[in-house]
Trainee: 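To start, I am sharing the structure in question, which I have written as structure tokens.
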Amino acid sequence: MITVMFFAGLREAVGTSSETLALPAGVSSIAALRDHLVARGGQWQALATAKNLRAALNQDMVALDSAIKDGDEIAFFPPVTGG
Amino acid sequence: MITVMFFAGLREAVGTSSETLALPAGVSSIAALRDHLVARGGQWQALATAKNLRAALNQDMVALDSAIKDGDEIAFFPPVTGG
Amino acid sequence: MQHSVSVQEADFDLSAEVKALTAGNNLAGAVASFVGLVRDNNDGTGVADMTLEHYPGMTEKALDEIAIKAGERWELLGVRIIHRVGHLMPGDQIVLVVVSSPHRGNSFAACEFIMDYLKTQAPFWKKETTAEGSRWVDARVSDDEAMAKWRDQIGM
Amino acid sequence: MQHSVSVQEADFDLSAEVKALTAGNNLAGAVASFVGLVRDNNDGTGVADMTLEHYPGMTEKALDEIAIKAGERWELLGVRIIHRVGHLMPGDQIVLVVVSSPHRGNSFAACEFIMDYLKTQAPFWKKETTAEGSRWVDARVSDDEAMAKWRDQIGM
């Protein structure tokens, strides 16, 4: 199983903050996971149209082409605006 | 009359913090005033031997060759060490 | 170097944080601090209030890593970072960074580095309420540029 | 830009100064501060206490000019400078600089500029008491270099 999380405007767009799912067959990177989610259609298109989509893998900010495996926590979000 | 002030180690060396005197004849710069005071001998030699002597004219830090006139307030001191 | 980070809804007191960071250690001659405040205006639009969302767990981890990176780069004695989350009003304090060091140059550089890093790397998001409704704040190009400056200067 | 300077024997409170500088003005998103503390060690010798001498009148004038120079160079909302004089112990606060601005880059640069300028231009002198007696503190070449950096960068 993997945990996928969404934050800020992206959380509002996809309508959920977190979901747990089995690592889909053939999905081995964050980018591939995004494509898998986008293929659900509807509000999930937000993951495709998001400007400057950022991602974290196990709570480290990483590039979208980073490899993922079972047990990982993956997060998608817009550029951060704290401080 | 002019006012001449001394601070910190230089004040201790010359043994006074301030004195008022008539602008000596022929003295038209801070450097010339220093020479005039040094010529008194004794502890006034400290003005000649001071490393990196600094001066202020009417409470602005200035170069030693700055011109002075009657009524001025001149100060001699070592490099500052505040902050 | 000692460091600590907090992500909290509660407000903080700058003096108390400085005192706590420097207590019992009289080697620190220099303490540089930064406090970020909620402005009542952003790009010309009045801001009534703000909500700060974050990624619990990752925020603490990111701030921790930023403090450690600063300590590796500069001679520091202590770093304290606090970032507030939740509901905030104009004038409220959002973020605090305090850096103590034997020398002021290091304290200034590290404090600014931590803020620049935090702005682009720590997972916080601001949502503002304006007269036209609420909106997520856009990231600023100037923040990316500030971060890029450090990458160029010190390879971070 | 508002600014104020104080030369005083009394201690100060950083939080109170920040609040006073930003009160009633929610344009200031950024507040950079510096506090200098008495160290218990200088160049390897233990320091028991310290006396700060100054040139009354000129100190206030010099600090005032430094604040104004910073306001001319950067977009600032407020500058507050406090420098203590008289008898101080290790750990005591000596100097405070607080700079508020709409943007953090300006607040950091101006705060560091003011400290570097003050270190070489404001007429204060420190006398330390050590186990070997009392001694006037020597000026540091590094302070002249810090000042020269600003002269090179911004012609000040």
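Numbers restart at 1 for each chain; the letters A, B, ... are given by sequence-line order, proteins then strands.
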Trainee: List the atom of D:H54, the atom of B:F7, and the distance in Å for their closest heavy-atom pair.
Mentor: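 That closest heavy-atom pairing would be O-CE2, 3.4 Å.
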Trainee: Rounded to the nearest 0.5 Å, how far does OG1 of D:T120 lie from CZ of B:R54?
Mentor: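 Rounded to the nearest 0.5 Å, the CZ-OG1 separation comes to 8.5 Å.
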Trainee: Is there a side-chain contact (heavy atoms from CB on, under 4.5 Å) between D:F124 and B:V80? Walk through the geometry before answering.
Mentor: CA-CA 6 Å; D:F124 296 95; B:V80 302; 5.7 Å; no
Trainee: Within the side chain of D:H83, is there an N or O that forms a donor-acceptor pair under 3.5 Å with the backbone of B:G83?
Mentor: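 Yes, D:H83 side chain to B:G83 backbone: donor-acceptor pair under 3.5 Å.
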Trainee: Checking heavy atoms, do the side chain of D:A122, its backbone, both or neither come under 4.5 Å from chain B?
Mentor: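 Backbone of D:A122 only, per the 4.5 Å heavy-atom cut-off to chain B.
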Trainee: Where does B:D60 contact chain D at under 4.5 Å (heavy atoms): side chain, backbone, both or neither?
Mentor: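 Both backbone and side chain.
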Trainee: Angle class for the D:Y55/B:F77 ring planes (parallel below 30°, perpendicular above 60°, tilted otherwise)?
Mentor: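 Answer is perpendicular, since the angle exceeds 60°.
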Trainee: Looking at B:M61 and D:M58, what are the two nearest heavy atoms and their distance?
Mentor: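 Nearest pair, atom of B:M61 first, then D:M58: N-CE, 3.8 Å.
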Trainee: Which value, rounded to the nearest 0.5 Å, describes the distance between D:D143 atom CG and B:T81 atom OG1?
Mentor: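 Between atom CG of D:D143 and atom OG1 of B:T81 there are 9.5 Å.
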Trainee: Would you call B:P78 and D:W125 a side-chain contact if the rule is heavy atoms closer than 4.5 Å?
Mentor: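 Side chain of B:P78 against side chain of D:W125, heavy atoms only: contact under 4.5 Å found.
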Trainee: Any side-chain heavy atom of B:E12 sitting closer than 4.5 Å to one from D:K127?
Mentor: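 Heavy-atom side-chain distance check passes, below 4.5 Å.
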Trainee: What part of D:K126 gets closer than 4.5 Å to chain B, counting heavy atoms only: side chain, backbone, both or neither?
Mentor: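 Both parts, backbone and side chain.
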